[in-house]
Amino acid sequence: MNLLINLKSLVVLDPLALFFLIVISLVSLPSLIYSIGYFKNKFTLTKFLSTQLVTLAFIVSMLLLVIVGNALAFLIVWELMTLLSYLLVLTDSEKEAAVGAASIYIIMTHIGTAFLTAAFFLIFRHSGSFDLAAMAAACQTMSPLLRNWLFIFFLIGFGTKAGIVPLHIWLPYAHPQAPSHISALMSGVMIKTALYGLIRFVFLVLGISSLWWGITVLTLAIISCLVGVIYALMEHDLKKLLAYHSVENIGIILLGLGLSMVFTRLNLNNLAALAMIAGLYHLINHAAFKGLLFLCAGSVQKGSGTLDMEKLGGLIKKMPWTAAFFLVGAMGISALPPLNGFVSEWLTLQAFFSGALKVPGMLALGFAVGIAALALTSGLAAACFVKAFGITFLALPRSQNAEQAKESPASMLLGMFLLALSVVGLGLLAPTIFNLLATVTAPICQASLQTSNIFSLGLQPNSTISPLFIAILLGSGFLAAIAAYGLLQGKTRLGRTWDCGYYQIGSRNEYTATAFSKPFRISFSLFLLPFRKTEKVKDSFYHVKSFVYETYTTKIFKKYLYDAGLGLLLHSAKRFKRVQAGSIHLYISYILATLVLLILLVKIL
Amino acid sequence: MMVITNQILWLALAIILAPLASGLITKVKNNLRLRQGQGILQPYRNLWKLFGKEEIVPANASWIFRVTPFVVFATSVAAVFFLSGDLLAIIFILALGRFFLALAALDAGSAFGGMGSSREMFISSFAEPAACLVIFAVYLTPGATWSLAHLLAGLALLIVILAETSRLPVDNQETHLELTMVHEAMLLDYSGPALALLELSAQIKQLFWLCLLVGTICPPVLLPYGFCLLGLIIVIAFIEVGIAKYRLFKVPDLLVFSVILALLAIVSALLGV
Amino acid sequence: MTWLLLFAILLITAETALVTRFPALLRNFRYQSLCLALLTLLAAYREGSIELYIIAGLLFSLKVLLIPHLFDVLIKRIGSSDHLGLFLNAQVSLLIVIVLGLISWYFASSVVAAPAYLQQLTLSAACFVMLTGIFLMVSRIKALAQVIGLLLTENGIFLAATVIPGGMPFFVEIALFFDILVSVMILGLFIYRINAIFTHIDVSKLSGLRG
């Protein structure tokens, strides 16, 4: 047997790895700057330093992960990354919720790791080496059945980390519990490393050998998009909401990657490259705006002491910078031009459009479903961020905490500013980024897509966009409107909000997050299974003294998939408990019985 | 240079003609109800009056409230500007305006604004897939020859237009009953020039949608463009007079129906019918 | 001579099933170890191997002298009653042990070919000692019996090793002896602690500790 680790090929620095290095650094640097202010007055110096050290180690482990060229080393670093992030989720370990969340996280990711390990060792049996190049060569000669299994293993293994539905349940627990810049790192970057693994091992090592792989990924992507965004709409905890959006965005990225798989299988190399560019573009975009949004959420938490949107409001006046940065992030994630989310979602749609004319009819119809799902997702995401920004930052404060909110220190603002800048930059510089991504995808898809025009992103006549031009156009429209307004304007004075002649409008009259999402709750009730609790306290028949109204949605994946599975496990464990009676004598007698049995069977064996 | 001059001329024309389309629809509707109704130039008079008035800004509101009219105006203009370009991009650009309008509605802190904001986002998130699918269907049927796919896609787009331009049965522009309005509820706290700007933007957006339907679906060879536009205005007026407002939770059904129409259009396009 | 010693081992082992008190059990273990040491000595004399002499010496000093002595001290220290506490009474135990003996004979005869009767007997004795050791751990209540059962099992393994041509490597044997010594010390400590905490060394009552 060869040495397990070949030093020469231990490091792989191809464009794909470089791209991920950039993505990781993009979020890590602002997060580290941000953490200085975030931990101030919160932790003792020792705890601060140790947390920073673990954070650094976590970042380094992610950086290492994308450059190792050896599956065994990959697995080790992967595990290291998981454990370090587990520690970081536990930073606030006094909170019981943090411990529970961390446990769910570590259990889920280890299920994933088990599948990955299995896949790696299956390939190892054929290749005799953990070297990626050798593994790739060995995969070419495998039986189709084995490759299918390997694909499924990789999908589950990386899917758990990435948070593909229905393996997403750890995200909404783990992300909100970690300190905000850690959430930014985990949601913005760490879950992306799973997608890196998917690209590295499915595209480059395994090789796409069946059409159904791509279709499966597309289907899961569509489900992830919709499930993620619908759950996010129902969520009123700012960080949980963001965590569910990660599920959605992973779905959008996977739409690109899945399409790329389909096109690769059909030998449509240019389209495969386009789809993968769309996916990778969204990947870096998501890192930027989700990182930014998590940092903003942390700032809100630090400033006002709560993340419950129903208790916030009016923060735009108390925390103007945080509000502005959050708005930029919200616009980015809602795919509003000319920011970055728009470019990548548009590219994904373009990939669907261009592919539809070249694939079999049934598949084109499937593409139509994908287009509809993506459009619905972006519409719902916009609704969700109108809620998130509007309820949190606008109108009147809904609680004492929100009223006394304070703007965060400069280091936190700087961290947010850097990410906000990248959200804008990734949008406006679209053609440049597109070309860079084309270099990344060129070796993977054997196709080179470069746009010669540095101002606009033209794929074919009639489908050309230039975010820069859109920005200029919108800007000039904006200025023209201001000019017209300034010319025609008479007087402006402050007045009261229209209150129907009511005494005085207050924060209790405002629309709440629950109310905002009610139409969605009702129209998706088949999936959300909402239920409510009401409690009336009456003085007399006519007068209601107090009224409590609570509404919940049923998390069907947790209830019908995980809880049911867990119930089955516990039930059978209870049955097995009888075997484990706690008596040492009994245990030794098991050994004795086994020995005797083995002796008796020695002839047969 | 020529192209840009043309575009700017077309833009100016669109801004000037946009209120006329609204006036025409109102006029036709009134005539259908056997009323004399206001003149077709009434929207211009309204705008003029509003532009001259004093503006009252709610004390609760922030800068979001102040910039929204300009953003919305800019997006409507940009939508018209890109009419001959990439249609998908326009959907996203319009979403920008809607995003800000919905935020501004929440900003004043009144319950009506929140209601309008929530409903607008609710309706539009269902309208967006339908619109994208219509564009997809049109994309799949190149060439000037008219086919079944065009008809189906046109019907689907018509439903989208009803939703996007806040017309019956989705929304009612003529009422100010707080509990049923959608678009109007969002504008409730605007006054004076800002309100004028928002109304004008809505009219420009409406003209954009009408032009989109005419330009992509209607048979341009058979009939002149203006004639088609006029026909469409009359059709919309007929629909508005003949139909009652849907319950809010029925609206997704309507829009899902539109999605299905668009899917059928795609099927027929793929089959080459 | 070898035959005699092997039969002595078999007899002593069978007799442990009847034993009900610690000192007697300890004595049995001592005699069994002594026989084992003598067997090794014989082998050493026959092969003229210095390593085997050393092993025999170690066996004698550890298992015949030191470990039983440690247990004697421990028993005195604990000062509780020296009954083993039987789950199964002596007669039933003897029956089961005989059955175990038959099983070991069956095993030995199926592993070693017919003419090598000495090996056959050695292997079956080894197996018998192992199984009896484990059986002792199962059927006796108090923790001390478990430790001695373990030691008996170890003796069985040692005996089995002599059957294998060439035996175990010297260093493995030495290491095993130290293992045994350390484990006996640790187990003794544990028993002492258990006794101190629970005021008894009744293992069957420890089941209350399970989750």
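Below, chain A is the first sequence line, B the second, and so on; all start at residue 1.
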For this session: Would you mind checking if Glu310(A) and Arg398(A) are paired as a salt bridge, meaning a charged N to carboxylate O distance below 4.0 Å?
Result: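 No, no charged N to carboxylate O under 4.0 Å.
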Exercise. Do Glu403(A) and Lys317(A) sit within salt-bridge range, that is, some charged N less than 4.0 Å from a carboxylate O?
Worked result: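 No, no charged N to carboxylate O under 4.0 Å.
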For [X], is it the side chain, the backbone, both or neither that has a heavy atom under 4.5 Å from a heavy atom of chain A?
{"X": "Phe136(B)", "value": "both"}
{"X": "Ile135(B)", "value": "both"}
{"X": "Phe65(B)", "value": "neither"}
{"X": "Phe73(B)", "value": "side chain"}
{"X": "Asn60(B)", "value": "both"}
{"X": "Val67(B)", "value": "both"}
{"X": "Ile93(B)", "value": "both"}
{"X": "Ser124(B)", "value": "neither"}
{"X": "Val77(B)", "value": "neither"}
{"X": "Ala102(B)", "value": "both"}

Where on [X] is there a heavy atom nearer than 4.5 Å to chain B: the side chain, the backbone, both, or neither?
{"X": "Ile482(A)", "value": "both"}
{"X": "Leu396(A)", "value": "side chain"}
{"X": "Ile316(A)", "value": "side chain"}
{"X": "Leu380(A)", "value": "both"}
{"X": "Phe385(A)", "value": "both"}
{"X": "Ser378(A)", "value": "both"}
{"X": "Leu327(A)", "value": "side chain"}
{"X": "Thr497(A)", "value": "both"}
{"X": "Ala364(A)", "value": "both"}

Backbone of [Y] reached by a side-chain donor or acceptor of [X] within 3.5 Å:
{"X": "Tyr139(B)", "Y": "Ala356(A)", "result": "no"}
{"X": "Lys245(B)", "Y": "Asp171(B)", "result": "no"}
{"X": "Ser258(B)", "Y": "Ala156(B)", "result": "yes"}
{"X": "Ser110(B)", "Y": "Gly113(B)", "result": "yes"}
{"X": "Asp107(B)", "Y": "Leu103(B)", "result": "no"}

Indicate yes or no: at least one non-hydrogen side-chain atom of [X] is less than 4.5 angstrom from one of [Y].
{"X": "Ile222(A)", "Y": "Leu255(A)", "value": "yes"}
{"X": "His245(A)", "Y": "Cys384(A)", "value": "yes"}
{"X": "Val328(A)", "Y": "Met331(A)", "value": "no"}
{"X": "Ser523(A)", "Y": "Phe122(B)", "value": "yes"}
{"X": "Ile391(A)", "Y": "Leu394(A)", "value": "no"}

For this session: Please report the C-alpha distance between Lys318(A) and Glu407(A) in whole Å, then the side-chain angles of each, then the deciding distance to 0.1 Å, and finally whether the salt bridge (Lys or Arg N to Asp or Glu O under 4.0 Å) criterion is met.
Result: CA-CA 6 Å; Lys318(A) 308 283 190 311; Glu407(A) 182 61 290; over 6 Å; no
Between chain A and each of [options], count heavy-atom pairs under 4.5 Å; write down the option with the most.
{"options": "Ser201(B), Ala108(B), Ser118(B), Ala89(B)", "result": "Ser118(B)"}
{"options": "Glu128(B), Arg119(B), Glu120(B), Arg98(B)", "result": "Glu128(B)"}
{"options": "Phe112(B), Phe100(B), Phe99(B), Phe126(B)", "result": "Phe99(B)"}
{"options": "Pro252(B), Ser117(B), Ala131(B), Ala194(B)", "result": "Ser117(B)"}
{"options": "Ala196(B), Ala78(B), Ala130(B)", "result": "Ala78(B)"}

Exercise. How are the rings of Phe393(A) and Phe326(A) set relative to one another: parallel (under 30°), tilted (30 to 60°) or perpendicular (over 60°)?
Worked result: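 Geometry flag for Phe326(A) against Phe393(A): tilted rings.
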As an exercise: rank [options] by heavy-atom pairs under 4.5 Å with chain B and give me the winner.
{"options": "Gly477(A), Gly506(A), Ala480(A), Ala381(A)", "answer": "Gly477(A)"}
{"options": "Gly495(A), Ala383(A), Ala373(A)", "answer": "Gly495(A)"}
{"options": "Leu479(A), Leu494(A), Leu233(A)", "answer": "Leu494(A)"}
{"options": "Phe342(A), Phe520(A), Trp498(A), Phe367(A)", "answer": "Phe520(A)"}

Exercise. Can a donor-acceptor pair be found between the side chains of His282(A) and Ser344(A) at a distance below 3.5 Å?
Worked result: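 Their side chains do contain a donor-acceptor pair, which is all the 3.5 Å distance test asks for.
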Problem set entry | Atom pair CG/CD of Leu336(A) and Glu345(A) - distance to nearest 0.5 Å |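 Reported value, rounded in 0.5 Å steps: 9.5 Å.
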